[in-house]
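In what follows, chains are A, B, ... by sequence order, proteins preceding strands, each numbered from 1.
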2 protein chains.
Amino acid sequence: MQSPLRPSAKDALIEAAYTVLSQNPGASLSEVAERAGVGRATLHRHFAGRDDLVRALAQLAIREMDEAVDAACEGAQTQGDALRLSLEALIPLGDRHGFLAREPLENDPEIAAEFDRQLRETQEVVKAAQEEGVFDRAVPVAWITQAYDHLLYAAWESVKAGETTPAQAAGLAWRTLTHGLKEPSS
Amino acid sequence: MQSPLRPSAKDALIEAAYTVLSQNPGASLSEVAERAGVGRATLHRHFAGRDDLVRALAQLAIREMDEAVDAACEGAQTQGDALRLSLEALIPLGDRHGFLAREPLENDPEIAAEFDRQLRETQEVVKAAQEEGVFDRAVPVAWITQAYDHLLYAAWESVKAGETTPAQAAGLAWRTLTHGLKEPSS
DNA sequence: ATTGCATGAGACATATATGTCTCATTTGGT
DNA sequence: ACCAAATGAGACATATATGTCTCATGCAAT
């Protein structure tokens, strides 16, 4: 039975790795260990090497995002709702998203496959939402998905910069995607 | 007088570095030289080291983006037009944008200052466009700028993926930013 | 108190990237 | 044809990151 009394070194390492590697993918493992407040040897006790660490982070990030989306979709009445709720749920995971975007992991076929799956799932929901009338049928699904992803990351950056709360950022991103930022009256 | 008859090794190196380093910031200089079809020694003849190369790329990227924006603003009647034309002009420079985003250069104060300047300039134009009625006054300038930047990059990725032409991507990004993707009729 | 386990610190070897140098070759201009 | 400059290939030394190991320490459970 693992005792959570002593703060788990592995968890500290994972969190530190997200922070350090999403800010600088080329950072040394020493920097990661230092940020985690942990000796470098301990890092190697939990992860065989850099590749191991990165793969563990990527898989965890993918899992967390899947879980967040699944939970959000539970309470969704429509596909449009599912997208809106998922957006809100994914914003706090922005550092994971950023890590996955900056770390070069096209080499890992397993991770790449998961990426493809997530993209396809998102596109499916987008397409369904489009058929509900949430989006213009004349707009390509690929573009809507691109805009969704990038506005999601923009929302996270806005939160990270302290400009908005997560809820505000989610509202702004969703409005931008659906209504745009034009003056409502005009 | 430099003879452009022989394809400039320096230019080839710069172009290769954009491609390689924007895809993998941790790539070795050997990979950059190889992609450029140039010996590794030649790279060091033109750039003192990795830092030199990265700084040269960053400064060139910033200069190219400035020039593109300046040229685009020449033909703009309004600030809203300036934003729309700049968007279109910046899309082909998406690889530069991506390079600047992925490469950790917060350490370089000179580059960071240029970044700040560009951000402020964009925010100024956004604010002016907002006062023209292009954007809702209730929406924070910071968010509009964030959305502008990220939709710009989304447009570049859409073009790079072969999903759209640059002109189509610019149109979609601008529509998303101003009108959103909702069905026009409803 | 004692035992077991994870950890921290550091030594050590190794791999890779980097930076410098030399020399033969090619290219472009004269 | 000749010359000067740039280049390619490769040797070489060095720095840094990485991976492994050992040993002493601290903490928790018994």
Students should find that the end-to-end axis angle of the helix from C/dA1-D/dT30 to C/dT30-D/dA1, with five pairs defining each axis and rounding to 10 degrees, is 30°
What string of B, S and - do you get for nucleotides 10-15 of chain D 5' to 3' if you count protein non-hydrogen atoms under 4.0 Å? BB----
Does a side-chain N or O of B/Thr42 approach OP1 or OP2 of D/dG8 to a distance below 4.0 Å, or not? yes
Send over the distance from [X] [atom1] to [N] [atom2], rounded to a whole Å.
| X | N | atom1 | atom2 | result |
| --- | --- | --- | --- | --- |
| A/His44 | D/dC21 | NE2 | C1' | 12 Å |
| B/Leu21 | C/dA17 | CG | P | 13 Å |
| B/Glu31 | C/dT18 | CD | P | 9 Å |
| A/Asp51 | D/dA17 | CG | P | 17 Å |
| B/Leu43 | C/dT20 | CG | P | 12 Å |
| B/Leu53 | C/dG19 | CG | C1' | 14 Å |
| B/Glu34 | C/dA17 | CD | C1' | 15 Å |
| A/Asp52 | D/dT18 | CG | C1' | 14 Å |

Residues at least two apart in sequence or cross-chain that pass side-chain hydrogen bond (donor to acceptor under 3.5 Å, both in side chains) with A/Thr176, listed by chain then number, are B/Trp143
Qualifying residues under side-chain hydrogen bond (donor to acceptor under 3.5 Å, both in side chains), relative to A/Thr145, sequence neighbours excluded: none
Which residue, A/Arg35, A/Lys10, A/Arg96, forms the salt bridge (charged side-chain N to carboxylate O under 4.0 Å, His left out) with A/Glu15? A/Arg96
Assign each of A/Arg50 and B/Gly37 the nucleotide of DNA chain D bearing its closest heavy atom; nearer the 5' end lies the nucleotide of B/Gly37
Within the structure shown, what part of the strands sits under 4.0 Å from A/Arg45 by heavy-atom distance: base, sugar-phosphate, or nothing? base
Applying a 4.0 Å non-hydrogen cut-off, can you work out what A/Gly26 is touching in the nucleic acid: base, sugar-phosphate, or nothing? nothing
Does atom CD (B/Glu110) have a neighbourhood of more than 12 heavy atoms from anything else shown, all under 6.0 Å? no
With sequence neighbours excluded, residues passing side chain to side chain contact (heavy atoms under 4.5 Å, CB included) with B/Ser22: B/Phe99
Could you work out, with side chain to side chain contact (heavy atoms under 4.5 Å, CB included) as the rule, every residue matching A/Leu60, not counting sequence neighbours? A/Ile14, A/Tyr18, A/Arg63, A/Glu64
Basic-acidic side-chain contact under 4.0 Å: A/Arg175, B/Asp136: yes
Pick from A/Gln118, A/Gln123, A/Arg117: which one makes a side-chain hydrogen bond (donor to acceptor under 3.5 Å, both in side chains) with A/Glu121? A/Arg117
Using heavy-atom distances to pick each residue's nearest nucleotide on DNA chain C, tell me which of B/Leu29 and A/His46 is more 5'. A/His46
Determine, stepwise, if the pair A/Arg120 / A/Glu124 fulfils salt bridge (charged side-chain N to carboxylate O under 4.0 Å, His left out). CA-CA 6 Å; A/Arg120 289 173 191 282; A/Glu124 283 302 313; over 6 Å; no
